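The shown structure was predicted, so the numbers you read here are calculated from the model rather than taken from an experiment. Proteins get letters first, then strands, A, B, ... in listed order; numbering begins at 1 in each.
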Amino acid sequence: MHSLITYWHLDILMVGFLISICLAYYLLGGFVENKKLKLFMAGYVLLILSIASPLHFLGENYLMSAHMTSHVILILLAAPLLVLGIPDNGDKNMTRFSAWLSKHPWLPWMSGVCVMWFWHIPVVFNRLFLPGSPVVGAAGGIPVLSDLHLISLVLTGILFSWPVVGPVRQQRLPTVQAVLYLSAACIFCSVLGLMITFAPLGIYTHYEHITDRFGFLPMIRGDHGISALIDQQVAGLIMWIPGCLIYLTASVWLLMKWFKEKNNQTFLTSHKTEL
Amino acid sequence: MNKMMIKMLVFTEVFFFLSLIMAYVYMVYYGDTRSAGEIKSLHISTTGFFTFILLSSSFTFYIAEKNYLKGNVKQLKIWLVITMILGAIFLFGQGNEYYHLIREQITLGASVFGTNFFTLTGFHGFHVFVGLVLLSILLTMSLLGDFNSNQSTVIQTVGIYWHFVDAVWIVVFTVVYVMPRFMDMKT
Amino acid sequence: MDEIMPSSFAGATPVRVLNRDQKLLQWISSVDHKQIGTMYLLLSILFLVIGGGEALLMRTQLAIPNNHFLSPEAYNQIFTMHGTTMVFLVAMPAIFGFGNYMVPLMIGANDMAFPRLNAFSFWMTLFGGGLLYFSFLAGGAPDAGWFNYAPLNEYNYSSRPGVDYFAIGLLIAGIGSVGGAINFIVTILYYRAKGMKLNQVPLFVWMIFVDSFLILAAFPCLNAALAMIEMDRQFHAHFFNSASGGSALLWQHLFWLFGHPEVYVAMLPSFGIFSEVFQTFSRKPIFSYAIIASSSVAIALLSFGVWVHHMFAVGLGNTVNGFFGAASMLIAIPTGIKVFSWMATMYGGSIRFSIPMMFAIAFLIQFTFGGLTGVLFAIVPIDWQLTDTYFVVAHFHYMFVGGAVFGLFAGLFYWFPKITGKMLDQKLGTWFFWLFTIGFNTTFLIQHVLGLIGMPRRVWTYPDLPGYGVMNFISTLGAFMMGTAALILIVAILKSLRSGVVAGKDPWDGVTLEWYCDPQPGRKNFDKIPLVRSRRPFWDLKHPENPDWKNARS
Amino acid sequence: MHISTLFLFQSVLHSASTQASEINKLFGQFTIAAVLLLLFVSLLIVYICIRFRDRPGSPLPEQIGKNNRLELLMFIFPVVTIAVLLVATLRTINRVMKPAEGQPDMIVTGHQWWWEVYYPATGVTAANEFHLPIHKNLLIEFHSADVVHDWWVPEFGNKMDVVPGRNNYIWLNITQPGNFIGACSEFCGAEHAWMRIKVFAEDETTFNRWQEANKKTANLPSDELSMKGMLMFQSRSCGTCHRISGTPSTASVGPDLSHLFSRSTMLSGMMPMNEKNLQAWISDPQNVKPDAKMPDFIFSRDTVNAIVHYLTQLK
Ligand code: HEA
Ligand code: HEA
Ligand code: CUA
Ligand SMILES: [Cu+2]
């Protein structure tokens, strides 16, 4: 049994995914503008942290709360940062895509929210960890389902953030709409968090009957006193309160920018434009 | 403006149904063990059929609306009637299901499951009923010739409401009928 | 280059122009936003007197230990009706009253978006309140507290019809509130004057806008809970009866999921009123419009994530309590920023101590005090000590009375000249302010100590323990000072209506559009309206040499 | 220096248990911070009001409404304060409420307007007055027979709601002997005001002596009048609600009366326990404690005297 810090892990599929993200970034004209690159790198580091680090190891094997923490990081921090990192190089397709998404904001919204809900349906959730789908850290085999789950979360997270922080500034959602968009997502995340928080034991079974293959269980249950119920509550609450806080911070940030706009306007602009 | 109003109404209704659905989950999924047995009395296939009916009524309304925007009032009337018939069939299906459940001694006052089931589906059924009333008003107006020019937003406004009622049913159907099949509920 | 434009696009053209001296029937059938607003305000004042009268009855009963002035049944009905009245029939109608009257004027519109829906909302509120009070005649008012906990609200424990009246009455009043909120949102979105962007509306309008969303999201949760309790009581369902598998906590979750947002529903419009008052009487633009406006959105969103702080003592476990304690503390951040912004607005200004401004300054201190006791409760272990004691009663009266109601009083004095054309009597107003403020602090400051020495709330009487009698008596004295002050206010209103100083169009040197239209505007508010180009359109008109749109100000 | 030492009466700020002293330490720290904050805000407001009041002929102030650095400061200051508070909160929560383990030392059941007490270790049942040993980690469990009640003794620290369908618990380690007064602190219906708590915190030997005394069955009637009283008690349906050990009456709808007269107060702290008050109560309960769940019996004066005489023997 080594120290927790040493449990890093990547499998072939995830390596491929990480590389293809870099590739996509390159194709979208990345690696040029310094400020944007920094944002992208920040997102990328968070992405690696939540899919390869000991946090992920804990989330796969021991703690639902760690699993949820990595979800929150993936969807709410890494994905928006990756999107923020994409430069606006005036590409026509990019503009058209952004405009189309902003015209149908319910599409990215539904994809983000539904995919997140889907992976937390107890049947699906418990299936993620069944022996049939090998667990990260076990010898051999690619945990396909688990990887798919991460990849889908990142991709829908990117799609979800696009109308709010997408590269083409003119095609982002108007502020009030963006705030409603984020708040509505926040509500549905909250409902999910609430359901998990107040669920009894026996629903998300994976974390209740842990096969202690790495010997960390006594430390978790004993030294830190994290029982299965507390773990599940923390998991729900992390989705709920810090999760919501991120949506909220984003909303307030957008509003601050909007209210601080220079309000000098040319004569006779239509006053309905920002609706 | 009317559309914005109805969107706000839908916004507030969403929270109403969210409260009821959360109560349902809290009490039926997480509650005592009796509910798991009683859920088995639900006929998912029959209700699935009526669900399909309700969803197709959304589609027929969409066609009615498109025809209206094209100025095709005759088609509008026809599709409105079809929509109403489909909605009525759905309500009939609900009544049928209630009848069977009550025959099996599952009533509002008999158990926690009955309480939550009848309250949730009952409020939804009430909304369908209100939708039917609105549709019949639309039909009357169109028969009286109020919709001969395609300027009014009334039809789209009612449409938003009607689609919302369908969307709620999708969620209710998922939570009440579909999900328990996939959950190993405490028994 | 200030074009004055015809206002035809600034809202609906009026249906018909009424003459000024309207008869009762015209009031009842009115769909004019100003008349409906006035009726809302009158309703609010009526219920303030009733709810305040109930408070005085309670304080009389509590003045001395072991008192038998009221029976326990009477006391319980009265404190329940006091809380319910004050929250649903004083705070809400007052908000809707000011909102109805002022929002169209401030955004340069001629009416609300849906005038008939507006009238409908008012009458629903009135009928809901009437039904609640009818219960006194029909076998007993509700007596389970304003949050009406299960299972005490079940038929087994409250077999009188009081709780049914509570549920149905609040459902009806709630429908009115939701209708009004929808109306505000659509009005603010579609009826703004030419040039006024949504991020330029006066802060009061913005607060009403946010408040309306809060209402739309919060009230359905209460409606669902009320529907469930009626199912339980009338049809023997089992939502909240733990004996037959229901859950007593479900009620608490649903109620507070409504209840906590509701307290901010009561607070935000007062924030808006104070924002207008501070900038008008400091003769300066508000400090950081952006912060005040966006922090109110933060408050609105956060308010849905803190409701468990009313349930810290029900045994949900340290994990849940800890997270919700953290969330509750977070609300202090956007609120604190607001307090500091108002102070910064005054700083460097030229402060005129009119009566609205005096209320605003008293509010700042009282609200900070009440907010600090709120944060004290957010510290979970301390809440375990203090929940359900008079310390809580003191906290929320500092918020409701010292915060929200002070805001409504400030609004009353600030906009009275616009509504009636007369100034509200300055001398009596000053008396009213000092008596009410001193009375208020006398009543509720001492209640913190009562809570600390162990007096639970909602007790119809109490044993003669050391200190209890004295402090309760002091508290009662304060309440009667507030009662006297309220009488003075009523006298002042009547006197000013009859023989007040004629106000003119712009008595306070205001900066927003409601001071641009005539005093006591007719059926149509604006014949002409300036092109709005900044957050202080009326300032721009008055100071063409230094308009806001040339120098960005906040 | 507590408020309590100023006022010389019981209060929250006087800790008589380890839990309460944990909480009060935090309370004291927060109070200092809050007072400083309030002083800062109030004095600044007073200063602003004096310094910037409108004097005759004062010019229009500079029309400026922003200052980015000040805005940042206004944001940072509450954030830091909150962070400090949060850490202190979480630490104290976990010290006061530890996970429950083992058998509870005392099970308290809330009824509409009286308390039932049960000591699982010895099987002793009592009502309305609580005897507890000091310097022991006590696990107290709460059940409700009807609606939500709440256990609170200010000197002992945290409250706990008594919720039907849930078994809540608290840990309590009393550090001082003495009598402590508390109250039901969740509104539970008409007589919520008279559902008070009286705790006798005793050292181990006194507590054990009390347990022994209460383990014994109730005293049998010793004279003729009390014999008649006992017969009346058994025949007039008192036993359908009350328990007197050693007799056929075993119900728990109302308080256990086996050792009634050893209590210092009656009706959950409403009045001192004495013959006169018992007389009044048995003759007309609804007059003494309106709405209490004990019906009026139409007894003759003699019957009342007999029953009361019997009850006074139940020490
Ligand atoms: C208008 C109404 C209103 C408002 C605005 C508030 C505001 C707040 N309330 Fe209050 N509250 C009520 C009305 C209100 N409350 C009512 C009615 C109840 C009881 C209901 C019942 O039981 O019947 C209640 C009860 C209540 C409880 C439950 C108590 C209990 O029953 O055990 C709690 C617990 O957390 C709480 C917390 C707060 C907090 C943290 C705020 C915060 O919003 C306060 C924020 C403000 C400030 C903090 C002051 C200004 C800030 C600064 C100057 C910055 C610096 C300060 C810091 C960094 C701390 N409130
Ligand atoms: C907006 C909300 C609001 C407002 C403004 C007030 C205002 C007041 N409140 Fe209230 N209060 C609540 C909301 C509010 N309250 C709530 C929610 C509860 C909790 C209820 C519950 O526990 O369920 C409560 C509970 C409550 C209690 C605790 C009851 C208990 O726990 O047992 C007390 C006790 O002192 C009290 C007192 C007062 C007083 C003295 C005023 C004063 O400020 C009132 C001042 C106004 C007047 C005095 C009007 C003057 C009237 C006249 C001059 C005419 C006289 C007419 C006649 C005598 C018929 N209130
Ligand atoms: Cu029991 Cu209050
Ligand atoms: Cu709250």
Side-chain angles (χ1 to χ4, degrees), chain A residues 65 174-177 179-180 182-184 186-187 189-191 193-194 196-198 225-227 229-275, chain C residues 1 3 5 9-10 189-190 192-200 206 209 213 217 247 249-250 253 257 288-302 304-306 308 316-324 326-327 330 333-334 531-535 548-554:
Chain A
S65 45
T175 302
V176 175
Q177 273 191 39
V179 170
L180 281 177
L182 291 175
S183 309
C186 168
I187 287 161
C189 282
S190 296
V191 170
L194 195 152
I196 295 174
T197 304
F198 292 111
I226 304 175
S227 67
L229 184 64
I230 290 184
D231 176 41
Q232 183 172 306
Q233 286 179 341
V234 172
L237 285 160
I238 281 180
M239 163 133 287
W240 186 354
I241 295 192
C244 252
L245 210 60
I246 296 173
Y247 286 116
L248 189 145
T249 313
S251 303
V252 171
W253 179 253
L254 290 172
L255 281 167
M256 283 294 284
K257 265 176 39 186
W258 182 55
F259 283 123
K260 291 214 167 223
E261 271 172 14
K262 282 274 181 294
N263 276 302
N264 299 351
Q265 64 201 72
T266 47
F267 186 57
L268 272 188
T269 44
S270 161
H271 70 298
K272 295 268 169 75
T273 42
E274 82 268 18
L275 284 181
Chain C
M1 200 183 70
E3 306 260 327
M5 323 191 113
F9 51 73
L189 282 180
Y190 288 90
R192 297 190 305 282
K194 184 99 185 166
M196 182 186 277
K197 291 179 175 175
L198 193 56
N199 58 1
Q200 284 178 324
W206 179 257
F209 187 63
F213 278 100
S247 163
L249 287 193
L250 179 65
H253 281 300
L257 183 51
S288 195
Y289 179 105
I291 277 191
I292 293 184
S294 48
S295 67
S296 57
V297 177
I299 290 177
L301 287 173
L302 273 173
F304 284 94
V306 301
V308 172
L316 290 174
N318 290 352
T319 317
V320 177
N321 287 348
F323 270 90
F324 275 95
L330 283 174
I333 297 168
L531 176 73
V532 177
R533 302 158 137 209
S534 79
R535 285 176 182 148
D548 275 7
W549 47 270
K550 275 193 189 157
N551 339 45
R553 245 133 207 179
S554 63

Structural part of [X] lying under 4.5 Å from a heavy atom of chain C:
X	answer
S190(A)	neither
L254(A)	neither
W253(A)	neither
I230(A)	both
L245(A)	side chain
L194(A)	side chain
Y247(A)	neither

[atom1] of [X] to [atom2] of [Y]: how many Å apart, nearest 0.5 Å?
X	Y	atom1	atom2	value
M256(A)	S288(C)	CE	OG	5.0 Å
T319(C)	Q232(A)	OG1	CD	11.0 Å
R535(C)	F259(A)	CZ	CZ	7.0 Å
L237(A)	F324(C)	CG	CZ	6.0 Å
T175(A)	N199(C)	OG1	CG	7.5 Å
C244(A)	L301(C)	SG	CG	7.5 Å

Non-hydrogen atoms of chain A under 4.5 Å away: do they reach the side chain of L316(C), the backbone, both or neither?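 Both parts, heavy atoms under 4.5 Å.
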Please test W258(A) against L198(C) for side chain to side chain contact (heavy atoms under 4.5 Å, CB included), starting from the C-alpha separation and ending with a verdict. CA-CA 10 Å; W258(A) 182 55; L198(C) 193 56; 3.8 Å; yes
Out of V320(C), V297(C), N318(C), return the one with the most heavy atom pairs under 4.5 angstrom to chain A.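 The option with the most such pairs is V320(C).
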Looking only at heavy atoms, what is the nearest atom pair of L248(A) and A298(C), with distance?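 Nearest heavy atoms, L248(A) then A298(C): CD1-O, 3.9 Å.
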